[in-house]
J.: 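Questions regarding the structure given below will be posed in turn.
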Amino acid sequence: MKELYNLGLSEIDIKNIIETYPEIKDLTDEEIAKNIEILKNINCNDKHIRNILIANPYYLNRSINDIKSLIMKLKEINIVNINLLFDSNPFLLNRDSYEIDEYIKKELEEGKKLEIIVDELESNPYIIDEK
Amino acid sequence: MIVDELKRYMLEYGFNNEDINKILAVYTFKENEILFFNIKKINTLLETLGYTQNDIVKMAKRFPLLYSYSMKNIKQKIKDMQKLGYSYNDVIKIIKQLPAIYGYSIEENIKQKIKDMLELGYSYNDIIKMTKQLPSIYSYSIENIKQKIELYRLMNISHILVEKATYLMQSCELSFARYMFYKNKGIIIDENNYPKLFIDQLKFKRLYGIDNKTLIQMYNYDEYFSKEKNVLIKI
C-alpha cells in the first residue's frame, strides 16, 4: 500500500479503493509498483494514476503482459494520448487487445474508416462499452 | 469436469473463449463449483432485474469483478440508488453503463460525491440529471471532478454541464489547450460557442491544421495549474 500513499492518495481514497476491490490487500508493493510503472511509461502523471486507481482499482491486478498488449494495440491504431484515454475511461484498462480488434473489425464491417473509428474512440472513450 | 461445464454454459450465454478465460482468471482463488454457481445465480438475478443476456455479457467484460458480488449486495445497491432519487429504470441504465457501482460504497463514495458536487454549486436535481447522462461521474475522483468543473467555471460555462454532462469526459488538458488556442486566435469561448471546445479531433485538425497531441504540448495545462490553490492561475 506504500505505493498508493506515494501517489498522493488520501486515507479515504485508499479506504474506498479497498472497499471496491478488497483483494488489493493481497497484492505486494512490488506488484502494485509494476502496474503503476506501466502507466507512467505512457505519460500518466500522478493525477491520472490516482483517477485511474480510484475508479478501477482492479487494474492493479491485471497481468502486465495483457496491459502491454493493450497499449501496443492502441498505439498500432494511432491513438496518441493513451494516458488521457485511460484517464477519461479507466475501465478501458480492463480490456484486452483482442477486444479492441473485435471492436474495430465490427466497425469496419459497418463501413467506417479506421480513422473515424479511432477518432470516435478518442472523443468518447466509453464508446467501446456502448457498442 | 466442472470447468468444462462452466465454459460451456458461458459460451452458450454469449461469451467467447477469450472472454471466458479473462473472466475466470479473475477468480482463480475460488472453487470452480462455487464460481459456476455464483455466475449462474448472478446472471439469472440480473436478467430478472431487467438486463438482457447481451447487457450482462458486456457488463462482465467491462467489469470482470461483477461475479464477486453477492445477490444481496446487487439488490441492495439498486434500492440504495433509488433512495438517492433515481427511478428503477434509471438505476438499471446507470449500472449497465457503470457496473463498477456495485463496488462503490453508497455512504463513503456515492453520497460523498453528491455532497462534493453540491459544494461546487450544483443543486441535487442537477447532480441527478448529470449522473444520469454520465454515470461515470461516480467513478471519477473528486479531485478530477473539481478540476474539470473549476476549469469550465473559469471559462464561465460550468452551468452547461447540467445539460451536457458528457463533456466531463474530455480531459482538462485538451479543454484547456483548445481554450487557449481559440483565445490566441481572438475567439473567447462562452456559452454561445462552447461546442468548439468539444469537436472531434479530425474536424479540429481539418479546420485548424493541428492535432490534439501538438495542441496539448503547446498549451501545457500543468504549467498553468497551481497545486496550492487548486486553480488555474493564468487562463
Side-chain angles (χ1 to χ4, degrees), chain A residues 8-10 12-13 15-23 26 45 47-48 50-58 61-63 66 78-81 83-92 94-99 101-102 113 115-116 118-131, chain B residues 16-19 21-22 25-27 29 58-59 61-65 68 96-105 107-110 112 134-136 138-145 147 166 168-174 198-205 211-214 216 221-222 225 227:
Chain A
L9 284 161
S10 69
I12 293 173
D13 289 333
K15 188 174 168 228
N16 281 337
I17 283 171
I18 293 172
E19 173 134 17
T20 303
Y21 184 50
E23 282 79 10
D26 300 329
N45 59 29
K47 182 195 77 163
H48 297 142
R50 285 195 294 269
N51 292 342
I52 287 165
L53 297 186
I54 285 169
N56 183 23
Y58 170 68
N61 196 29
R62 290 274 286 146
S63 138
D66 288 344
N78 292 325
I79 301 252
V80 176
N81 297 312
N83 55 341
L84 300 185
L85 193 75
F86 289 152
D87 182 47
S88 296
N89 181 4
F91 300 102
L92 267 176
N94 292 348
R95 299 289 187 165
D96 286 333
S97 58
Y98 78 87
E99 294 178 84
D101 276 331
E102 272 175 6
K113 289 186 180 169
E115 198 185 36
I116 304 289
V118 168
D119 191 48
E120 284 180 349
L121 181 57
E122 286 192 296
S123 301
N124 175 8
Y126 286 90
I127 199 167
I128 193 171
D129 296 335
E130 291 161 14
K131 298 276 172 144
Chain B
N16 64 34
N17 280 315
E18 284 160 313
D19 299 334
N21 290 336
K22 178 182 159 174
V26 175
Y27 304 99
F29 57 91
K58 282 184 185 177
M59 285 161 67
K61 284 169 72 164
R62 192 179 314 167
F63 187 60
L65 287 177
S68 62
K96 191 161 106 174
Q97 291 183 54
L98 187 67
I101 276 198
Y102 285 126
Y104 298 158
S105 153
E107 292 298 328
E108 308 281 353
N109 198 326
I110 292 176
Q112 184 60 47
L134 188 66
S136 56
Y138 284 126
S139 71
Y140 295 162
S141 69
I142 194 56
E143 178 191 3
N144 193 358
I145 295 171
Q147 279 188 1
T166 51
L168 282 167
M169 279 194 291
Q170 184 157 291
S171 67
C172 282
E173 286 87 344
L174 181 57
F198 304 103
I199 58 176
D200 59 62
Q201 181 177 206
L202 277 180
K203 189 174 178 185
F204 191 90
K205 194 172 175 183
D211 61 32
N212 284 350
K213 184 183 179 186
T214 309
I216 287 168
Y221 174 79
D222 288 331
F225 182 66
K227 282 179 186 167

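It should be emphasised that the depicted structure is a prediction, and the values quoted were computed from it without experimental measurement. Residue numbers start from 1 in every chain, and the chains themselves are labelled A, B, ... in the order their sequence lines are given, proteins ahead of strands. Values reported hereafter were calculated over all heavy atoms of this structure, with side chains retained and with hydrogens, waters and symmetry mates removed.
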J.: Minimum heavy-atom separation for B/Glu108 and A/Asn16, please, with both atom names.
T.: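 Closest pair (atom of B/Glu108, atom of A/Asn16, distance): CB-OD1, 3.3 Å.
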J.: Please name the pair of heavy atoms, one in A/Thr20 and one in B/Leu65, separated by the smallest distance, quoted to 0.1 Å.
T.: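 Scanning both residues, the minimum pair turns out to be O-CD1, 4.5 Å.
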J.: What heavy-atom pair brings B/Ser139 and A/Ala55 nearest, and what distance separates the two atoms?
T.: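 The answer is O-CB, 3.1 Å.
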J.: Counting only non-hydrogen atoms closer than 4.5 Å, does A/Asn45 touch chain B with its backbone (N, CA, C, O), its side chain (CB onward), both, or neither?
T.: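 Contact with chain B: side chain only.
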J.: Are any non-hydrogen side-chain atoms of B/Pro64 and A/Asn94 less than 4.5 angstrom apart?
T.: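 A side-chain contact exists here, since the closest heavy-atom pair is under 4.5 Å.
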J.: Is the shortest side-chain heavy-atom distance between B/Ser141 and A/Arg50 below 4.5 Å?
T.: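 Side chain of B/Ser141 against side chain of A/Arg50, heavy atoms only: no contact under 4.5 Å found.
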J.: Roughly how far, to the nearest 0.5 Å, is CZ of B/Arg62 from CG of A/Leu92?
T.: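 Nearest 0.5 Å value for the CG-CZ distance: 10.0 Å.
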J.: For B/Glu173, is it the side chain, the backbone, both, or neither that has a heavy atom closer than 4.5 Å to a heavy atom of chain A?
T.: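 Contact with chain A: side chain only.
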J.: What part of A/Asp96 lies closer than 4.5 angstrom to a heavy atom of chain B: side chain, backbone, both or neither?
T.: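 Both backbone and side chain.
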J.: Between A/Glu120, A/Glu115, A/Glu122, who has the most heavy-atom pairs with chain B when the cutoff is under 4.5 Å?
T.: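 So the answer, after comparing A/Glu120, A/Glu115, A/Glu122, is A/Glu115.
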J.: Indicate whether any N or O donor in one side chain lies under 3.5 Å from an N or O acceptor in the other, for A/Glu102 and B/Asn16.
T.: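 Checked: A/Glu102/B/Asn16 side chains pair up, N/O donor to acceptor below 3.5 Å.
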J.: With a 4.5 angstrom heavy-atom cut-off, could you sort out which part of A/Ile52 is near chain B: side chain, backbone, both or neither?
T.: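 For A/Ile52, no heavy atom lies under 4.5 Å from chain B.
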J.: With rounding to the nearest 0.5 angstrom, report the CG to CG distance, B/Leu174 to A/Asp87.
T.: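 The CG atom of B/Leu174 sits 11.5 Å away from the CG atom of A/Asp87.
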J.: If you count heavy-atom pairs within less than 4.5 Å of chain B, which of A/Val80, A/Asp129, A/Leu84 leads?
T.: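 Ranked by contacts with chain B, first place is A/Asp129.
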J.: Can you name the nearest heavy-atom pair linking A/Tyr98 to B/Lys22, along with the distance?
T.: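 Of all heavy-atom pairs spanning A/Tyr98 and B/Lys22, the closest is OH-CD, 4.1 Å.
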J.: Check whether more than 12 heavy atoms from other residues, nucleotides or ligands sit under 6.0 Å from atom NZ of A/Lys47, and answer yes or no.
T.: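 It does: A/Lys47 NZ has more than 12 such atoms within range.
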J.: Can you confirm whether more than 12 heavy atoms, excluding those of A/Ile116, are under 6.0 Å from its CD1 atom?
T.: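 Atom CD1 in A/Ile116 is packed in, count exceeds 12.
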J.: Determine whether a donor-acceptor pair (N or O, by modelled atom type, separation under 3.5 Å) exists between the side chain of A/Tyr21 and the backbone of B/Gly103.
T.: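 Side chain of A/Tyr21 to backbone of B/Gly103, a donor-acceptor pair under 3.5 Å: no, none is there.
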J.: Is A/Phe91 close to B/Ser136 at the side-chain level, that is, under 4.5 Å between some pair of heavy atoms?
T.: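 Heavy-atom side-chain distance check fails, nothing below 4.5 Å.
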J.: What heavy-atom pair brings A/Ser88 and B/Met169 nearest, and what distance separates the two atoms?
T.: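 Result for this residue pair: OG-O, 2.9 Å.
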J.: Side chain to side chain contact (heavy atoms under 4.5 Å, CB included), that's the test. Do A/Tyr126 and B/Thr166 meet it? Break it down for me.
T.: CA-CA 10 Å; A/Tyr126 286 90; B/Thr166 51; over 6 Å; no
J.: If you measure from CG on B/Asn212 to CG on A/Asn81, what distance do you get to the nearest 0.5 Å?
T.: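 So the CG of B/Asn212 and the CG of A/Asn81 are separated by 6.5 Å.
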J.: Would you check if the side chain of B/Asn144 reaches a backbone N or O of A/Asn51 as a donor-acceptor pair within less than 3.5 Å?
T.: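 No; zero donor-acceptor contacts below 3.5 Å.
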J.: In Å and rounded to the nearest 0.5 Å, what is the CD1 to OH distance from A/Ile54 to B/Tyr104?
T.: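 Output value for this atom pair is 9.5 Å.
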J.: Measure B/Ile142 against the heavy atoms of chain A and call it side chain, backbone, both or neither at under 4.5 Å.
T.: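 Neither part.
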J.: Hey, mind stepping through B/Lys58 and A/Glu130 against side chain to side chain contact (heavy atoms under 4.5 Å, CB included) and telling me if it holds?
T.: CA-CA 9 Å; B/Lys58 282 184 185 177; A/Glu130 291 161 14; over 6 Å; no
J.: Of all heavy-atom pairs between B/Asp200 and A/Ser123, which one has the smallest distance, and what is that distance?
T.: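 Scanning both residues completely, I find the closest heavy atoms to be CB-OG, 3.3 Å.
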J.: Given that the side chain runs from C-beta out, which part of B/Ile199 has a heavy atom under 4.5 Å from chain A: side chain, backbone, both or neither?
T.: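 Contact with chain A involves no heavy atom of B/Ile199 at all.
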